[in-house]
Amino acid sequence: MAALTMFEKVWSAHEVVPETSDTPAILYIDLHLTHEVTSPQAFSVLRERGLPVRRLDRTLATMDHSTPTDHDQIFGGVPIRLESARKQVEQLERNTSEFGVELIGLQSPQRGIVHIIGPELGATQPGKTVVCGDSHTSTHGAFGALAFGIGTTEVGHVLATQCLLQRKPKTFSVEVQGRLGPGVTAKDLILAIIGRIGVSGGTGHVLEYRGEAIRAMSMEERMTVCNMSIEAGARAGMVAPDETTFAYLEGRPRAPAGELWERAVDTWRQLPSDPGARFDREVVLDAGHVEPMITYGTNPGMVLPLSGAIPSSGDEVFRKALRYMGFEPGEHVAGKAIDVVFVGSCTNARISDLRAAARVMDGRKVARRVRMLVVPGSQQVKKEAEAEGLDRIFVEAGAEWRESGCSMCLGMNGDTVGAGKYAVSTSNRNFEGRQGTGARTLLASPLTAAAAAVTGRVTDPREFLG
Amino acid sequence: MEPITQLRSRTVVMPSTNIDTDQIIPARFLTTTTREGLGKALFADWRYDAAGNPRPDFILNRPEAAGCQALVAGRNVGCGSSREHAPWALIDYGFRAVISTEIADIFRNNSLKNGLLPVTVDEETHAWLLAHPGTEIAIDLETCTVALADGREVSFPLEPFARYCLMNGVDELGFLLSRKEDIEHYERTHAK
């Protein structure tokens, strides 16, 4: 039998109808996550055509993008101040109620960023197909699921038929040998990978992250890596499930239990790519050479080690990006004064991320004139952090401790950086205006973000990790 | 969706590489529950200054851009977020085609589902288009070619089923619903 990649195994197990030269495959979707921003127009289509949601048991809704992060607007009886956001939240409440879709609502203790709560609830499992109207759905690939972002028309297709029409993508092996050094994180690794293969290097491909460095990672670190696959142009990134995966999932509310658990694990053990499986493309990196990374431009591929200098280029788009950022070729980003620090987003707002930031902040203060916002990825993460006292470390340092949501990653809910200001952000995109009109984003790890908060400048976090 | 076979238009050129969907429509405009009226938010942060006045140097604010339905963009256009609001905004503004050497996957899919033609051309053709802003082009889905003003006809790839849907105004949801028996069969044989 031919040696297969993990992607090929998951793909073929979900072919309702295989692709032909004339028609794409009809692919079955096991788990459909949905949220307030990219679903309203899809529910409208169902209503117009008199269609029900085909599989309520495979559909889960929550709200995260436009929701406020301050306590009063969620729990204090104060209406959501941003009127359009309030209407969008109310529309999701109406749509889910009318169609019978399960909603993890605004005040639910299970609410959070959709890509954080799927795994947290154990709904994300190896071998599943997972989609959501959000490009960072690639996060769920950390479990060996085939998970990718879709548009709103496709959200409607999945609601109505539990299927998507898809052409089979190509495969791309990203092998990371060796181990990351102390103070070098999964975020630094994925930024280094994007810097290496480029922001469109993964277009048309599903990435599979392999190798010793990936195997050594926790599930939360693997999620950070898979999350930013889309930033390399790949719709999906996958990591083979192993004992780390099973240990993470066991006992979670929506994971199989008892005899079903044993059977599921047996099935999941068959998923990893077979020895000798061929990938369409391959790249190999050495984790030992990765340093703490920081972006200097307006896409995630414009990235440097903290020790490095901004390159020069005759390209007008490159120069325009540097003008936007207020940087010159040859300069070091390290040492630059910053205004805002954001620890949050589906990339880096899980408990281990908050612990990492707190480790640097403990007993220290946020620098004068710097605003630091810490937004847990979910209410569960928030609760866990509070039980460990991480909230006190942040608050005593002078940071703002918020309710969960996407928040300043994209500024939809009014949490923005400010025009012309520099933000060191643990999020995933440094596009122009991503964190609010005129905002200048420097993407980095939670450790680097916390170090910048303390010094008020872009700083190598290893200085704080004795 | 209206069937589309041909598009004849002058071009607007935006040579920037990696034009992401946050530029095409910034996130603050996504708190909408409909798909209409997003043209006014298209490229909002490039089109308007902080006071909301049109920036005279931005291409869409110049008289020669009026009425153009084809946008020629730098490599890797449409990268980033999955927001379908990006093609909705382009279409509402009046665009019917986006031409580049590389078009990001999700943006391409979303465009096809709304009748916005994603046209991937070779480097040489792209360079010529960048150098000739405002040139008249003719896109033909029958032959999957773009005819240029210098007489050349260059072909572009288009997934056959997407092409069929565009040319016949077929919506994919209707097609999926027609395969209900296959879906039911799959659900019966893959019980979990």
Side-chain angles (χ1 to χ4, degrees), chain A residues 13 16-17 21-24 26 28 30 37-38 40-41 44-45 49 51 54 65-66 82 84-85 87-88 91 133-135 137 149-154 156-157 160-163 165 167 199-200 203-204 230 233 235 299 301 315-317 320 410-412 419 429 431-434 436-438, chain B residues 15-23 26-35 44-46 50 74-76 79-88 102-114 159-162 164 171-177 179-180 182-183 185-187 190 192:
Chain A
V16 173
V17 180
S21 56
D22 290 337
T23 50
I26 299 180
Y28 197 77
D30 293 321
V37 179
T38 57
Q41 299 85 353
S44 297
V45 167
R49 299 173 73 141
L51 295 166
R54 181 175 177 85
H65 282 66
S66 57
L82 197 60
S84 56
K87 285 185 172 160
Q88 201 169 47
Q91 188 64 47
D134 190 283
S135 62
T137 307
I150 57 177
T152 298
T153 299
E154 290 182 317
H157 293 177
T161 69
Q162 206 58 34
C163 291
L165 286 162
R167 283 283 169 195
V199 290
S200 62
T203 303
I230 181 69
R235 288 178 78 186
N299 70 56
D315 178 48
E316 176 50 30
V317 178
K320 179 171 170 269
L410 80 170
M412 263 195 82
R429 290 189 173 134
F431 299 152
E432 280 184 39
R434 169 76 178 183
T437 306
Chain B
S16 289
T17 51
N18 305 314
I19 297 175
D20 57 78
T21 54
D22 275 86
Q23 307 317 310
R28 64 182 180 280
F29 298 105
L30 307 189
T31 56
T32 174
T33 55
T34 68
R35 60 179 78 196
D45 288 343
W46 290 356
R75 181 174 46 76
N76 194 31
C79 59
S81 152
S82 67
R83 60 190 70 168
E84 199 161 320
H85 309 68
W88 292 339
E102 248 182 275
I103 300 177
D105 285 337
I106 307 180
F107 177 72
R108 168 190 291 275
N109 273 340
N110 286 340
S111 297
L112 286 168
K113 288 175 172 55
N114 290 277
E159 199 278 310
F161 186 73
Y164 168 81
D171 91 273
E172 293 187 358
L173 179 54
F175 176 82
L176 278 170
L177 289 166
R179 305 303 295 263
K180 191 173 164 207
D182 293 315
I183 299 169
H185 175 76
Y186 179 89
E187 286 179 331
H190 294 72
K192 270 181 234 163

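Only a predicted model underlies this, so the values are computations on that prediction, with no experimental measurement involved. Labels below follow one simple rule: chain letters A, B, ... track the order of the sequence lines, proteins then strands, and each chain is numbered from 1.
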Taking side chain as everything from C-beta outward and backbone as N, CA, C, O, which of these in Thr137(A) sits under 4.5 Å from a heavy atom of chain B? Side chain, backbone, both or neither. neither

Would you say [X] and [Y] make side-chain contact, with heavy atoms under 4.5 Å?
| X | Y | answer |
| --- | --- | --- |
| Ile150(A) | Glu84(B) | no |
| Thr34(B) | Gln91(A) | no |
| Met412(A) | Thr31(B) | yes |
| Ile26(A) | Arg179(B) | yes |

For Phe175(B), what residues pass the ring-ring contact (aromatic ring centres under 6.0 Å, His included) criterion, not counting sequence neighbours? Phe161(B)

Can you give the donor-acceptor pairs under 3.5 Å from side chains of residues 102-109 of chain B to other protein atoms, not counting sequence neighbours?
unit_1    : atom_1 : unit_2    : atom_2 : d
Glu102(B) : OE2    : Ser200(A) : OG     : 2.9
Asp105(B) : OD2    : Gly204(A) : N      : 2.7
Arg108(B) : NH2    : Thr120(B) : OG1    : 2.6

Closest non-hydrogen atom pair between [X] and [Y], with its separation:
| X | Y | value |
| --- | --- | --- |
| Ile183(B) | Arg54(A) | CG2-NE, 3.6 Å |
| Asp22(B) | Arg429(A) | OD1-CD, 4.5 Å |
| Arg35(B) | Thr153(A) | NH1-OG1, 4.4 Å |
| Ala13(A) | His190(B) | O-CD2, 3.7 Å |
| Lys320(A) | Ser16(B) | NZ-OG, 4.4 Å |

Tell me, out of [options], who's got the most heavy-atom pairs with chain A below 4.5 Å.
| options | value |
| --- | --- |
| Thr33(B), Thr32(B), Asn18(B) | Thr33(B) |
| Leu177(B), Asn110(B), Asn76(B) | Asn76(B) |
| Ser81(B), Gly74(B), Cys79(B) | Ser81(B) |
| Thr21(B), Asp171(B), Asn114(B) | Asp171(B) |
| Asp20(B), Asp45(B), Asp182(B) | Asp20(B) |

Region of Thr17(B) in contact with chain A, defined by heavy-atom distances below 4.5 Å: both

Residue His185(B) versus chain A: region with a heavy atom under 4.5 Å: neither

Looking only at side-chain N and O atoms, does Arg28(B) offer a donor or acceptor that is under 3.5 Å from a partner on Thr437(A)? yes

Any donor-acceptor N or O pair under 3.5 Å, side chains Ser82(B), Ser135(A): no

Heavy-atom pairs under 4.5 Å with chain B: which of [options] has the most?
| options | value |
| --- | --- |
| His65(A), Glu316(A), Gln162(A), Arg434(A) | Arg434(A) |
| Val17(A), Leu165(A), Thr38(A), Thr23(A) | Leu165(A) |
| Thr161(A), Leu410(A), Ile230(A) | Thr161(A) |
| Gly433(A), Pro40(A), Gly436(A), Gly438(A) | Pro40(A) |

Show the numbers, then the answer: is there a side-chain contact (heavy atoms from CB on, under 4.5 Å) between Arg83(B) and Asp134(A)? CA-CA 7 Å; Arg83(B) 60 190 70 168; Asp134(A) 190 283; over 6 Å; no

Greater than 12 external heavy atoms within 6.0 Å of Tyr164(B)'s OH: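 Open: at most 12 neighbouring heavy atoms sit under 6.0 Å from OH of Tyr164(B).
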
I'd like to know if the side chain of Gln23(B) and the backbone of Glu432(A) have a donor-acceptor N/O pair within less than 3.5 Å. yes

Rounded distance [0.5 Å steps], SG in Cys163(A) versus CD in Glu172(B):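 Atom-to-atom, Cys163(A):SG and Glu172(B):CD are 12.5 Å apart.
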
